[in-house]
Amino acid sequence: MTVRIITIDGPSGSGKGTLASKLAAHYQFHLLDSGALYRLLGLSLHQDGLLDALETKLDACTKIAANLDIEFIGTEDGIQILLKGEDVSQTIRTERVGEFASKVAAIPELRQALLARQHAFAQAPGLVADGRDMATSIFPQAQVKIYLTASAESRAQRRVNQLQAMGLDVKINDILANIEARDKRDMERTVAPLKPAEDAYIIDSSELNIDEVFELMTAYADQQFAK
Ligand code: DC
């Protein structure tokens with residue numbers, strides 16, 4: 001039986017994570033949050049004191065990447081993520097670990113070491129894979145390739161709303177500058193840069209809410225799966 005695959009790539013803050021979870025629940029598919037893998041690897045290398053020695057101790061780092069002791073456990077409240085048996089579900093979402101992840105993500109050997117683990121998620125009946133290079137390098141065979149984007153301003157505004165809801169005092173201009181810097185790094189890196197696959201369906205969510213984007217995605221996926 002062919003495993004059905006939906007890839008969702010795009011910049012941070014476009015709503016990929018939320019939509020990937022909704023799609024996985026809707027189709028009863030497995031879910032790969034590939035950003036979490038980079039975050040876990042970044043955290044693990046930091047714990048081992050290797051984050052500043054990625055280039056000089058590349059062999060050791062690559063070995064750690066290939067043998068990462070991680071578990072994704074589905075719970076009623078979402079997915080619990082364990083690193084070496086410890087619950088790091090919250091820790092890996094911090095800006096700090098995001099920085100660790102982006103260092104790790106720029107090293108081709110480390111990306112390569114995470115390849116088999118990502119491929120292993122493709123199991124029947126299907127998979128929703130969320131990331132930056134899901135369609136362009138990890139699952140080029142996917143029947144449904146979606147590129148979800150939104151203007152930097154609208155992504156910054158969403159982030160400000162989230163942080164303010166958490167009681168934090170933030171300035172939109174700081175958040176916008178961070179988003180623009182991260183976009184530039186993701187799009188200009190030589191290995192697996194962020195860009196839409198040639199046959200991707202591109203959705204700009206700047207003026208759309210989650211439900212509207214979900215409607216567009218399921219309509220497109222249903223049409224592709226029916227082919
Ligand atoms: O989506 P995220 O913020 O959790 O991603 C964390 C980092 O990992 C970010 O710097 C982009 C990088 N990443 C990547 O290079 N390739 C992926 N498939 C997913 C994430």
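Atom set for the values below is all heavy atoms of this structure, side chains included, hydrogens, waters and symmetry mates excluded.
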Is there a donor-acceptor contact under 3.5 Å linking the side chains of [X] and [Y]?
X    : Y    : answer
Y27  : R4   : no
R155 : S14  : no
R158 : S205 : yes

Would the distance check show the side chain of [X] and the main-chain N or O of [Y] forming a donor-acceptor pair, the cut-off being under 3.5 Å?
X    : Y    : result
R117 : L68  : yes
Q164 : N161 : no
R189 : A106 : no
H119 : I138 : yes
D48  : L50  : no
Q118 : L114 : yes
H30  : A124 : yes
D133 : T136 : no
T218 : F214 : yes
T94  : Q90  : no

Treating Ile, Leu, Val, Met, Phe, Trp and Tyr as nodes and any side-chain heavy-atom pair under 4.5 angstrom as an edge, say whether [X] and [Y] lie in one connected cluster.
X   : Y    : value
V97 : I107 : yes
I64 : L115 : yes
L83 : L110 : yes
V88 : I70  : yes
I8  : L194 : no

Nearest 0.5 Å please: distance from the [atom1] atom of [X] over to the [atom2] atom of [Y].
X    : Y    : atom1 : atom2 : value
I5   : Q123 : CD1   : CD    : 11.0 Å
L41  : L51  : CG    : CG    : 9.0 Å
T62  : L58  : OG1   : CG    : 4.0 Å
L37  : I81  : CG    : CD1   : 8.5 Å
K84  : L82  : NZ    : CG    : 12.5 Å
L208 : S206 : CG    : OG    : 8.0 Å

Could you check E86 against T91 for side chain to side chain contact (heavy atoms under 4.5 Å, CB included), going step by step and ending with a plain yes or no? CA-CA 11 Å; E86 185 196 342; T91 316; 5.7 Å; no

If you define the side chain from C-beta out and look only at heavy atoms, does anything of [X] sit under 4.5 Å from [Y]?
X    : Y    : result
R111 : Y38  : yes
S102 : R185 : yes
F29  : L23  : no
T149 : I203 : no
Q143 : T2   : yes

D59 atom CG, over 12 foreign heavy atoms within 6.0 Å: no

Kindly check if the number of other-residue, nucleotide or ligand heavy atoms within 6.0 Å of CD (E212) is above 12? yes

Step-by-step side chain to side chain contact (heavy atoms under 4.5 Å, CB included) determination, R39 to R93: CA-CA 8 Å; R39 288 171 181 267; R93 300 298 165 196; 4.1 Å; yes

Minimum heavy-atom distance between [X] and [Y], given as atom pair plus value:
X    : Y    : answer
E180 : E153 : OE2-OE2, 4.4 Å
P140 : S137 : CD-O, 3.8 Å
A65  : A113 : CB-CB, 3.7 Å
A135 : A197 : CB-CB, 3.8 Å
F139 : A122 : CE2-CB, 4.0 Å
V104 : G42  : CG2-CA, 3.7 Å

Hey, can you tell me if F72 and F121 have their rings parallel, tilted or perpendicular (30° and 60° cut-offs)? perpendicular

May I have the step-by-step check of side chain to side chain contact (heavy atoms under 4.5 Å, CB included) for L127 and L31, ending in yes or no? CA-CA 6 Å; L127 173 69; L31 176 64; 5.7 Å; no

May I ask you to decide whether [X] forms a salt bridge with [Y], counting only side-chain N to carboxylate O separations under 4.0 Å?
X    : Y    : result
D130 : K16  : yes
R132 : D9   : no
E95  : R182 : yes

So which of L216, V128, V213 actually passes side chain to side chain contact (heavy atoms under 4.5 Å, CB included) with L19? V213

Stepwise side chain to side chain contact (heavy atoms under 4.5 Å, CB included) test for H46 and R96: CA-CA 11 Å; H46 166 73; R96 182 156 173 264; 3.3 Å; yes

